[in-house]
Protein chains: 2
Amino acid sequence: MKISTKGRYALRLMLDLAINNTGEYIPIKRIAERQEISEKYLEQIITQISRAGFVRSVRGSQGGYQLANPPEAYTVGMILRLMEGELSPVACLDEPGSCDRADRCVTVDIWRQIKDAVENVVDNITLADLVKSYHEKGNCEYFI
Amino acid sequence: MKISTKGRYALRLMLDLAINNTGEYIPIKRIAERQEISEKYLEQIITQISRAGFVRSVRGSQGGYQLANPPEAYTVGMILRLMEGELSPVACLDEPGSCDRADRCVTVDIWRQIKDAVENVVDNITLADLVKSYHEKGNCEYFI
DNA sequence: AGCTAATCATATCGAAATGATATGATTTAA
DNA sequence: TTAAATCATATCATTTCGATATGATTAGCT
Ligand code: FES
Ligand code: FES
């Protein structure tokens, strides 16, 4: 029941962009420094994020990334799902027909409830909430 | 964010014992047949369960396992935790001091909320609930 | 006494996932 | 032209996962 580092890194990356959301394009290198995450690994991650249209990118010198939308537009759930896929405790919930006896299954209700509970949390927290929390906690450069 | 098959198998195993909770000792072989799970794999799993005192065992011919307590005494959470460890989305919540900046961390609140939400589900469903649901659904021999 | 069915205890294995590097092409401002 | 950046794959080492293999021990039954 763990969230992968990829998911967590993606969240930190997006939060970093949200905190530094000045209109300028921020290179991955800066984020890698601030977050102490491998630059190359972050590149892979932001590639996925970029393909999903969550960020704008400018190539070449002086290039970088910025949020495509205001921080309020991104829930934690959106970001985690991008890296992790559906936030289900079992595959059955997402692949229709993967369990052929779903109508008689006793445990699927549990998995459904877990999924709903998790989604209820992550879909109701936005990057804007995290930015606010960040400033309240004392402007520390680092977070996990 | 997946629950391992070990956790799910443990739940099915315990549910099988709960459904066949007649006072007799049930050999792993029977459960393996009914649940269509490898006998040897189930042995490993029930060894852990047995060491935790959740079941009584009798060795030798005519031996087997039975629940140590009535089905009401077992929550889904107890069983999953036995196989999965703590139901936390990040290790940080369980290993005190693993993150040295926890007081300034912006995301730890999210992980905490997720953990609480999951626990609120699994700690409020008992094997007795599942047995009831099983009988309501039509006595199917199989479930996942 | 001996056979058989069961638990108990480890060791090992293959495949997949994870987390990360490595290499290099392409683009663009200065 | 050069440097700094995104973009695109390939590769790698380690761990985890799910499962099997081997064999010792225990105890009921004939
Ligand atoms: S978990 Fe899929 S039908 Fe039971
Ligand atoms: S997740 Fe542990 S302190 Fe942030």
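Just so you know, these numbers come straight off a predicted model, no measurement behind them. Per chain, numbering begins at 1; letters A, B, ... match sequence-line order.
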Value in whole Å for how far the [atom2] atom of [N] lies from [atom1] of [X]:
X: B:Leu42; N: C:dA6; atom1: CG; atom2: C1'; value: 14 Å
X: A:Met83; N: C:dA17; atom1: CE; atom2: C1'; value: 14 Å
X: A:Tyr25; N: C:dT28; atom1: OH; atom2: C1'; value: 14 Å
X: A:Lys6; N: C:dA16; atom1: NZ; atom2: C1'; value: 14 Å
X: A:Ile37; N: C:dG19; atom1: CD1; atom2: C1'; value: 12 Å
X: B:Ile49; N: C:dT7; atom1: CD1; atom2: C1'; value: 14 Å
X: B:Gln35; N: D:dA19; atom1: CD; atom2: P; value: 14 Å

For D:dA19, take OP1 and OP2 only and decide whether either is under 4.0 Å from a side-chain N or O of B:Tyr9. yes
Does B:Ser38 have a side-chain nitrogen or oxygen under 4.0 Å from the phosphate oxygens OP1 or OP2 of D:dT20? yes
Could you please spell out the steps behind the side-chain contact (heavy atoms from CB on, under 4.5 Å) verdict for B:Gln66 and B:Ile26? CA-CA 6 Å; B:Gln66 67 181 202; B:Ile26 300 170; over 6 Å; no
Only one of A:Lys115, A:Arg112, A:Arg81 passes salt bridge (charged side-chain N to carboxylate O under 4.0 Å, His left out) with A:Asp94; say which it is. A:Lys115
When you check the side-chain N and O atoms of A:Gln35 and A:Asp16, is any donor under 3.5 Å from an acceptor? yes
With sequence neighbours left out, what residues match B:Tyr74 under ring pair (Phe, Tyr, Trp, His ring centres under 6.0 Å)? B:Phe54
Would you check if the side chain of B:Lys2 reaches a backbone N or O of A:Ser88 as a donor-acceptor pair within less than 3.5 Å? yes
For the pair A:Leu13 and A:Tyr65, evaluate side-chain contact (heavy atoms from CB on, under 4.5 Å) and give the outcome as yes or no after the intermediate values. CA-CA 11 Å; A:Leu13 194 167; A:Tyr65 298 92; over 6 Å; no
Letter per nucleotide, 5' to 3', of nucleotides 3-17 of chain D [B base touched, S only sugar-phosphate touched, - untouched; heavy atoms, 4.0 Å]: -BSBBB-B-------
